[in-house]
Amino acid sequence: QQQVKQSPQSLIVQKGGISIINCAYENTAFDYFPWYQQFPGKGPALLIAIRPDVSEKKEGRFTISFNKSAKQFSLHIMDSQPGDSATYFCAASTAGNQFYFGTGTSLTVIP
Amino acid sequence: GAGVSQSPSNKVTEKGKDVELRCDPISGHTALYWYRQSLGQGLEFLIYFQGNSAPDKSGLPSDRFSAERTGGSVSTLTIQRTQQEDSAVYLCASSLGRILRTQYFGPGTRLLVL
């Protein structure tokens with residue numbers, strides 16, 4: 001059973017556009033929600049993370065929106081650039097430090 | 001400072017052989033994770049070490065898989081009697097533990113079982 005459901009599987013966005021990736025979860029024990037970016041041949045790298053006591057977190061062009069009641073969180077990439085083309089993973093973690101990852105979204109930003 | 005390193009970067013083996021994959025975490029990181037990533041798939045949790053506590057082995061897919069962490073640092077993931085379905089990228093990550101959960105991933109070991 002997939003603990004964290006991620007959509008869409010793939011996304012194509014024009015340069016300068018907004019990329020939006022969504023994740024949903026059921027386990028209310030999750031208390032840490034990171035997003036990772038992975039380039040081909042590399043390991044995932046932390047992009048931005050949020051805790052459930054905050055509804056939004058912004059770092060540069062990247063924003064996490066968190067809806068605790070709906071058990072959903074999303075990543076918004078503003079002014080998307082070709083260099084943002086990568087696979088993005090959402091994840092959720094418990095206080096026991098167990099991590100559950102979404103299935104990933106392949107983002108392509110067209111120049 | 002050095003990040004998480006993994007070796008070998010690539011491994012080709014024949015079905016039925018045993019393989020050992022190594023992970024060197026960031027110095028001082030008490031938590032260490034192993035994940036498996038199949039082509040185009042997400043990260044599948046395998047095993048988690050936290051300090052001197054007993055490891056969480058709940059993600060290991062079969063008894064052919066085992067892992068150890070010596071001296072709270074280097075970890076080795078062993079796959080015995082490899083099968084073709086074991087072909088994947090094996091990723092290691094480390095973190096400071098429960099307080100700071102940011103995981104730092106290594107580049108992975110690409111395993112191909114022929």
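In what follows, chains are A, B, ... by sequence order, proteins preceding strands, each numbered from 1.
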**Asked** Got a second to check how far A:Gln38's CD is from B:Leu91's CG, nearest 0.5 Å?
**Response** 6.5 Å
**Prompt:** If two hydrophobic side chains count as joined below 4.5 Å and joins carry through other members, does B:Val4 share a cluster with B:Ile47?
**Reply:** no
**Request:** Please flag which part of A:Pro34 lies under 4.5 Å from any non-hydrogen atom of chain B: side chain, backbone, both or neither.
**Result:** neither
**Prompt:** Looking at B:Arg101 and A:Thr94, what are the two nearest heavy atoms and their distance?
**Reply:** NH1-O, 2.8 Å
**Asked** Is the shortest heavy-atom distance from the side chain of A:Phe99 to the side chain of B:Tyr48 under 4.5 Å?
**Response** no
**Request:** Identify which part of B:Gln103 has an atom lying under 4.5 Å from any heavy atom of chain A, answering side chain, backbone, both or neither.
**Result:** both
**Prompt:** Is there side-chain contact between A:Phe89 and B:Gln37, with at least one heavy-atom pair below 4.5 Å?
**Reply:** yes
**Message:** More than 12 heavy atoms of other residues, nucleotides or ligands under 6.0 Å from CD of B:Glu14: yes or no?
**Reply:** no
**Request:** Let me know if B:Leu43 has heavy atoms under 4.5 Å from chain A in its side chain, its backbone, both or neither.
**Result:** both
**Request:** Answer yes if B:Leu77 and B:Tyr35 sit in the same cluster of Ile, Leu, Val, Met, Phe, Trp and Tyr residues linked by side chain heavy atoms under 4.5 Å apart, and no otherwise.
**Result:** no
**Request:** Examine whether an atom of A:Tyr36 lies under 4.5 Å from a heavy atom of chain B, and if so say whether it belongs to the side chain, the backbone or both; otherwise answer neither.
**Result:** side chain
**Message:** Is there a continuous path of hydrophobic side-chain contacts, each under 4.5 Å between heavy atoms, that joins A:Leu46 to A:Phe66?
**Reply:** no
**Item:** More than 12 heavy atoms of other groups within 6.0 Å of B:Tyr104 OH
**Value:** no
**Message:** For B:Asn52, I'd like to know if atom CG has over 12 heavy atoms of other residues, nucleotides or ligands within 6.0 Å.
**Reply:** no
**Request:** For each of B:Pro107, B:Cys92, B:Gly59, tally heavy-atom pairs with chain A at distances under 4.5 Å, and name the one with the top tally.
**Result:** B:Pro107
**Prompt:** About how many Å separate CZ of B:Phe45 and CD of A:Gln98, when rounded to the nearest 0.5 Å?
**Reply:** 6.5 Å
**Request:** Give the cluster check for A:Phe33 versus A:Tyr88: same hydrophobic cluster or not, with ILVMFWY residues linked at side-chain heavy-atom distances below 4.5 Å.
**Result:** yes
**Message:** Looking only at heavy atoms and a cut-off of under 4.5 Å, which of A:Pro44, A:Ala49, A:Gly43 has the most pairs with chain B?
**Reply:** A:Pro44
**Request:** Verify the cluster assignment for B:Leu111 and B:Val89: are they in a single hydrophobic cluster under the rule of side-chain heavy atoms below 4.5 Å apart?
**Result:** no
